[in-house]
Amino acid sequence: MAIRDDFEVVAGQVRSAVQRFALGLLVIAAFAIMLVGKADTVLVEHVRVVALDLAAPMLEAIARPVGVANRAIADLQEFASLREENARLREENARLLAWQTAARRLENENEGLRGLARFREGPEASFITARLVGDSVSAYVRGALLNVGRRAGVAHGQAVVTGEGLAGRIAEVGENSARVLFVTDVNSRLPVLIERTRERAIVVGDNSPQLRLTLLQSVAGVQRGDRIITSGHGGSFPVGIPVGEVVETGEGSVRVRPFADFSRLEFVRVVDYGVPGLVSNPGSAPPTTPPGVSSTGQRVR
């Protein structure tokens, strides 16, 4: 028992001495390792490689369950997102089926009405793709110069459209070029319809980025978001060409944002719908009356 007690006393003294000088011993050990590394780099490299070889299996054994846990968590998250996406797709599919049913019903109804009215389609539209080669946008003019003209089949009054909607109409035609007058120009007047209410109106340009809707029977019936389309009246364009969207409704004032983005126009389509233009060709002579006959058709003595 005495020997055991003496051993415990000595061990306690050694432990306390090591704890007291632990920091210094660690600094000395680190300094010694640095000296050895500087003196014999091959030995240090060999020791490092051996340590890595010994630690690699342990690190791999530890990493495997961690990787499995991470994959399991990722699979659970993906499963939850798949369930949400599946529910969303089911709702979207149900809405699309409802739209499909309504579209088929309207198609059948439309075919029946066409048969009753003996409806005939108008002439098929033809178009020419043109590039904007000149910009006529200024404080007083909203238009552009195109690289196609009379030789390519362009005629006065034809519609100029983009992928979004109506951009304007052909105002002047040369042999190899033409000038388009944008719908935002102050000289532009276009008969249109409010697609939702089928109310007729005139869309007017005022050299600003937006259009103005005039000659409305009831401004209160116009709402923000209403689509504006061509009405086909006045011998200009056929019905249904998209023009713009109502963005502002005030006291006696309705503003429309054109669908065409004039700040990014590069290519347009010049479309011939087979109807005469809204504005007659300035180069054409006015009709004359025979001699001795007045403009009302009565003979003058």
Side-chain angles (χ1 to χ4, degrees), residues 125-193 201-215 227-248 253-286:
S126 59
F127 66 90
I128 302 169
T129 302
R131 180 193 291 269
L132 274 68
V133 295
D135 194 357
S136 301
V137 175
S138 65
Y140 304 101
V141 180
R142 292 293 186 273
L145 188 66
L146 306 181
N147 65 341
V148 293
R150 194 176 293 110
R151 290 184 179 179
V154 177
H156 185 271
Q158 289 179 345
V160 178
V161 300
T162 66
E164 292 78 21
L166 183 67
R169 58 175 174 83
I170 298 297
E172 296 177 2
V173 185
E175 290 296 323
N176 299 305
S177 63
R179 188 174 70 86
V180 53
L181 186 73
F182 291 154
V183 293
T184 54
D185 190 271
V186 70
N187 296 309
S188 176
R189 302 287 189 276
L190 187 66
V192 294
L193 284 176
I202 299 293
V203 69
V204 180
D206 55 4
N207 287 354
S208 69
Q210 295 181 354
L211 308 173
R212 182 165 47 90
L213 214 58
T214 62
L215 301 182
R227 284 169 51 92
I228 306 300
I229 60 175
T230 56
S231 65
H233 297 92
S236 53
F237 305 130
V239 182
I241 304 177
V243 176
E245 179 182 5
V246 176
V247 294
E248 180 182 342
S253 174
V254 178
R255 304 294 293 181
V256 177
R257 177 183 59 82
F259 287 135
D261 187 358
F262 297 99
S263 63
R264 299 168 57 182
L265 279 186
E266 185 177 0
F267 293 95
V268 294
R269 285 185 296 178
V270 182
V271 186
D272 182 9
Y273 290 101
V275 294
L278 178 62
V279 181
S280 61
N281 195 331
S284 60

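Since we're looking at a predicted model, the values are computed, not measured.
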Closest non-hydrogen atoms of Asp185 and Leu181, given as atom of the first, atom of the second and distance, are CG-CD1, 3.4 Å
field: Val243 and Ile229, any side-chain heavy atoms less than 4.5 Å apart
entry: no
Closest non-hydrogen atoms of Ala260 and Gly165, given as atom of the first, atom of the second and distance, are CB-O, 4.5 Å
To the nearest 0.5 Å, atom CG of Leu145 lies from atom CZ of Arg179 at 9.0 Å
For Gln210 and Ser208, does a side-chain donor sit closer than 3.5 Å to a side-chain acceptor? no
Between the OG atom in Ser126 and the CD atom in Gln158, the distance rounded to the nearest 0.5 Å is 7.0 Å
On a heavy-atom basis, the closest approach of Ala159 and Phe237 is CB-CE2, 3.5 Å
Check: Just by distance, do the side chain of Thr129 and the backbone of Arg269 share a donor-acceptor pair under 3.5 Å?
Finding: no
Does the side chain of Arg227 reach to within under 4.5 Å of the side chain of Pro242, using non-hydrogen atoms? yes
**Message:** Are Ile170 and Val160 packed together at the side-chain level, in the sense that at least one heavy-atom pair is separated by less than 4.5 angstrom?
**Reply:** yes
**Study point:** Beyond-backbone contact of Val186 with Val204, side-chain heavy atoms, under 4.5 angstrom
**Key:** no
Yes or no on salt bridge (charged side-chain N to carboxylate O under 4.0 Å, His left out) for Arg151 and Glu175, after CA distance, side-chain angles and deciding distance? CA-CA 6 Å; Arg151 290 184 179 179; Glu175 290 296 323; 3.7 Å; yes
Distance col, row Ile228:CD1 vs Leu190:CG, nearest 0.5 angstrom, shows 10.5 Å
Hey, does Thr184 have a side-chain heavy atom less than 4.5 Å from the side chain of Asn207? no
For Pro209 and Pro258 the tightest heavy-atom approach is O-CD, 3.3 Å
Exercise. Run the salt-bridge test on Arg255 and Asp206 with the 4.0 Å N-O cut-off and return the result as yes or no.
Key: yes
>> Taking the side chain as everything from C-beta on, heavy atoms only, tell me whether Val192 gets closer than 4.5 Å to Ile202.
In response: no
Heavy-atom side-chain proximity of Val183 to Phe262 below 4.5 angstrom
yes
- Query: Checking His233 side chain against Pro191 main chain: does a donor-acceptor pair fall under 3.5 Å?
  - Reply: no
Value for CZ (Phe182) from CG (Leu166), rounded to nearest 0.5 Å, stands at 11.0 Å
In Val203, Leu193, Ile241, Val239, the residue satisfying side chain to side chain contact (heavy atoms under 4.5 Å, CB included) with Ser231 is Leu193
One should read off an interatomic distance between Glu248 CD and Arg257 CZ, to the nearest 0.5 angstrom, of 13.0 Å
dist Leu146:CG -> Asn176:CG (nearest 0.5 Å) comes out at 12.5 Å
Ser177 vs Val148 side-chain heavy atoms within contact, under 4.5 Å = no
Given 3.5 Å as the limit, does a donor-acceptor pair link the side chain of Thr162 with the main chain of Glu164, or not?
yes
